[in-house]
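Heads up: the structure comes next, in structure tokens.
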Amino acid sequence: MSDRVRFAPSPTGFLHVGSARTALFNWLHARSTGGTYVLRIEDTDAERNRPEMTSGLLSELEWLGLDWDEGPFYQSEQKERHREVVQDLLDRELAYLCDGDNELVKGNQIRDGLAVRFRMPKNEVIEFEDVVRGSVSFATDDLEDFVIWRSNGTPMFLLANAVDDADMGITHAIRGEDLLSGVPKVLLLLQAMDAPQPTYAHLPLLVNEQRKKLSKRRDDVSIADYRDRGYLPEAMVNYLSLLGWGPPDDIEVRPLEEIVQLFAIEDVNKAAAFFDLKKLEFVNATHLRELKKNDFVERAKPWVEDKAAPWPPDKFDEGRYLTMVDLVQEKLRTLSDLPRFIDFIFLDEPVDDPDSWHKAMVKAPFASEILEGTFTALTDCTWETEAIKEVVTKVGENLGIKLGKTQAPVRVAVTGRTVGPPLFETMALCMDREEVLNRISRARSRL
RNA sequence: GCCCCCAUCGUCUAGCGGCCUAGGACGCCUGCCUUUCACGCAGGUAACACGGGUUCAAAUCCCGUUGGGGGUGCCA
């Protein structure tokens, strides 16, 4: 029989990077073993559930490319089944009714206003083999009777989880280490139901710089936010796959399909992993560079569309944009870097960046002479890359400085910034001579 | 408090008793390339938490210490 795994998020917010990693490792296990990946929404907590969050969750999973084979199933729809199991446990006196003060109440019929607790056996040791952690054991004497049915008539997580896993034939429960200490209780429930126990694999937690579990409050954990900040889904899953696991051949940046080939849940390590934005950026930049041009253009759309772009819509020019893409794609860390590499093309004025101005115009020597010289020479040179480069080079030679220094004031005059696309190509291919001369002239008078 | 888990460069990891004077990657630093930036290339920096065992041999096994984390809800 092939493995059946599930990703079972609760819909209490957008997809969290920690959850995404759990989803990914489940997906990888299913795909690499030819198993089945089930999606189940654990929405038993009516109070905290926000139905509208589910759609975000699903679309973010889709965005990451983690397609599921079955579901989404909604746990809330199994309420009668959960009730049936709880009632059975009550009938067999493996559970008991209790009131708001946790006092035992006589009777064995589920009733509104009363919760149901599972009776913890005495003096037993619950031991199980975790695929990543090895043998783990708990003494039942350290555990308390726990609630499996709320007084408001809904099942508790542990109960619903155990019942659903059993009913759905889940063979492997792959999830975060924060759920490790709940295992003995689930095992007891499964045993009481006479259901088989799944194989567990508890993944190391993802932590912040303080080594604390990533949290919604403190940390940047929303997958949607990363998407909106210009990270590619393939970079996201690639990076996430590297937290708690490493490819045997040491090649870290690669397509998901290759990771599927190499992944084995047994190889996952135990220590918590710091979510390192720097490395994510590196992985993202690498994937960004490898995109085919038409693919890149497609993905970049949200950043250059009318409503998002920093330039007026009517100034945008498709042809010039496509030319600029060739010049800047390799320079980006994220897609959101794109606008500031090309905005000056579609703006009336170069961007005003005080730091750049100070560095290239105020602090650097000969700024005025360079602008003067290039203005004159650009007036009648051939308007193409090599000719422009020659002109600027010559101006620098006359002043005894290298091209790297000479281009700086020109770049700031034209683009507004010290960093940007290749200057001469940009000027020759995407700007008019008149516009360039105007900008140089304006910079001169500002000096 | 109690229970459980974890411990290799700053970070992510390789290592599953001898191949380790510990490998790779990110970051950082140096140089080269170069029209800025980025890429690329060549180098460099930097780790087995500590103490006991076991063994001919330990980063790898065992015990303890210390440190960190998770759990301990009628949340999931």
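Convention: sequence-line order gives letters A, B, ...; per-chain numbering from 1. These numbers come from the heavy atoms of this one structure, side chains and all, not from hydrogens, waters or symmetry mates.
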It should be established whether [X] places a side-chain nitrogen or oxygen under 4.0 Å from OP1 or OP2 of nucleotide [N].
{"X": "Arg133(A)", "N": "G70(B)", "answer": "no"}
{"X": "Lys270(A)", "N": "C6(B)", "answer": "yes"}
{"X": "Lys212(A)", "N": "G69(B)", "answer": "yes"}
{"X": "Arg333(A)", "N": "G27(B)", "answer": "yes"}
{"X": "Asn269(A)", "N": "A14(B)", "answer": "yes"}
{"X": "Lys278(A)", "N": "C28(B)", "answer": "no"}

Name the nucleic acid region contacted by [X], choosing base, sugar-phosphate or nothing; use a 4.0 angstrom heavy-atom cut-off, strictly under.
{"X": "Phe424(A)", "result": "base"}
{"X": "Arg417(A)", "result": "nothing"}
{"X": "Asp101(A)", "result": "nothing"}
{"X": "Lys402(A)", "result": "nothing"}
{"X": "Thr415(A)", "result": "nothing"}
{"X": "Pro247(A)", "result": "nothing"}
{"X": "Gly100(A)", "result": "base"}
{"X": "Leu423(A)", "result": "base"}
{"X": "Ala408(A)", "result": "nothing"}
{"X": "Arg211(A)", "result": "sugar-phosphate"}
{"X": "Phe157(A)", "result": "base"}

Counterpart base for [N], defined by Watson-Crick or G-U wobble contacts under 3.5 Å:
{"N": "C20(B)", "answer": "none"}
{"N": "A59(B)", "answer": "none"}
{"N": "G73(B)", "answer": "none"}
{"N": "U35(B)", "answer": "none"}
{"N": "A46(B)", "answer": "none"}
{"N": "A25(B)", "answer": "U11(B)"}

Please report the distance, rounded to the nearest Å, between [atom1] in [X] and [atom2] in [N].
{"X": "Glu144(A)", "N": "C2(B)", "atom1": "CD", "atom2": "C1'", "answer": "10 Å"}
{"X": "Lys363(A)", "N": "U36(B)", "atom1": "NZ", "atom2": "P", "answer": "17 Å"}
{"X": "Phe128(A)", "N": "C4(B)", "atom1": "CZ", "atom2": "P", "answer": "12 Å"}
{"X": "Leu242(A)", "N": "A14(B)", "atom1": "CG", "atom2": "P", "answer": "10 Å"}
{"X": "Leu205(A)", "N": "C5(B)", "atom1": "CG", "atom2": "P", "answer": "15 Å"}
{"X": "Arg217(A)", "N": "C75(B)", "atom1": "CZ", "atom2": "P", "answer": "20 Å"}
{"X": "Asp276(A)", "N": "U11(B)", "atom1": "CG", "atom2": "C1'", "answer": "5 Å"}
{"X": "Phe274(A)", "N": "G69(B)", "atom1": "CZ", "atom2": "P", "answer": "14 Å"}

Does the side chain of [X] come under 3.5 Å of the side chain of [Y] through a donor N or O and an acceptor N or O?
{"X": "Arg150(A)", "Y": "Thr154(A)", "value": "yes"}
{"X": "Asn284(A)", "Y": "Thr334(A)", "value": "no"}
{"X": "Gln78(A)", "Y": "Asp164(A)", "value": "no"}
{"X": "Ser135(A)", "Y": "Glu127(A)", "value": "yes"}

Answer with yes or no whether Glu177(A) presents, from its side chain, a donor or acceptor under 3.5 Å of a partner atom in the base of G71(B).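 Flag unset: no donor-acceptor pair detected.
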
Under 3.5 Å donor-acceptor pair, Lys359(A) side-chain atoms to U36(B) base atoms: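 When only heavy-atom distances are counted, Lys359(A) does not reach the base of U36(B) through any donor-acceptor pair under 3.5 Å.
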
Should the ring pair Phe275(A) and Tyr239(A) be called parallel, tilted or perpendicular, given that the plane angle runs from 0 to 90° and is split at 30 and 60? perpendicular

Using 30° and 60° as the class limits, which term best fits the ring planes of Phe263(A) and Trp245(A): parallel, tilted or perpendicular? tilted

Rounding to an integer number of angstrom, what distance separates [N] and [M] when you compare their [atom1] atoms?
{"N": "U65(B)", "M": "C26(B)", "atom1": "C1'", "value": "33 Å"}
{"N": "C20(B)", "M": "C48(B)", "atom1": "C1'", "value": "10 Å"}
{"N": "U21(B)", "M": "C16(B)", "atom1": "P", "value": "14 Å"}
{"N": "G51(B)", "M": "A7(B)", "atom1": "C1'", "value": "15 Å"}
{"N": "G18(B)", "M": "U55(B)", "atom1": "C1'", "value": "12 Å"}
{"N": "G68(B)", "M": "C63(B)", "atom1": "P", "value": "22 Å"}
{"N": "A47(B)", "M": "G70(B)", "atom1": "P", "value": "28 Å"}
{"N": "U60(B)", "M": "A42(B)", "atom1": "P", "value": "34 Å"}

Proximity to the side chain of [X] - top-ranked nucleotide from [options]:
{"X": "Ser151(A)", "options": "U36(B), C74(B), C5(B)", "result": "C74(B)"}
{"X": "Asp178(A)", "options": "G71(B), A25(B), C75(B)", "result": "G71(B)"}
{"X": "Val147(A)", "options": "A76(B), G24(B), C74(B)", "result": "C74(B)"}
{"X": "Phe138(A)", "options": "C3(B), U35(B), A76(B)", "result": "C3(B)"}
{"X": "Val136(A)", "options": "C6(B), C5(B), G71(B)", "result": "C5(B)"}

If you find the nucleotide of RNA chain B closest to Ser181(A) and the one closest to Leu158(A), which residue's nucleotide is nearer the 5' end?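 Its nearest nucleotide being more 5', the pick is Ser181(A).
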
I want to confirm an ordering. Mapping Arg411(A) and Lys279(A) to their closest nucleotides on RNA chain B, which one lands closer to the 5' end? Lys279(A)

Sole residue of Leu338(A), Val304(A), Leu429(A), Ile342(A) in side-chain contact (heavy atoms from CB on, under 4.5 Å) with Met324(A): Ile342(A)

Using modelled atom types only, decide if a donor and an acceptor are shared between the side chain of Thr140(A) and the backbone of Pro121(A) within a distance under 3.5 Å.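 Checked: pair present.
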
Counting distance only, does the side-chain N/O of Thr393(A) pair as donor-acceptor with the main-chain N or O of Leu403(A) below 3.5 Å? no

Among Arg4(A), Arg6(A), Arg40(A), which one satisfies salt bridge (charged side-chain N to carboxylate O under 4.0 Å, His left out) with Glu70(A)? Arg4(A)

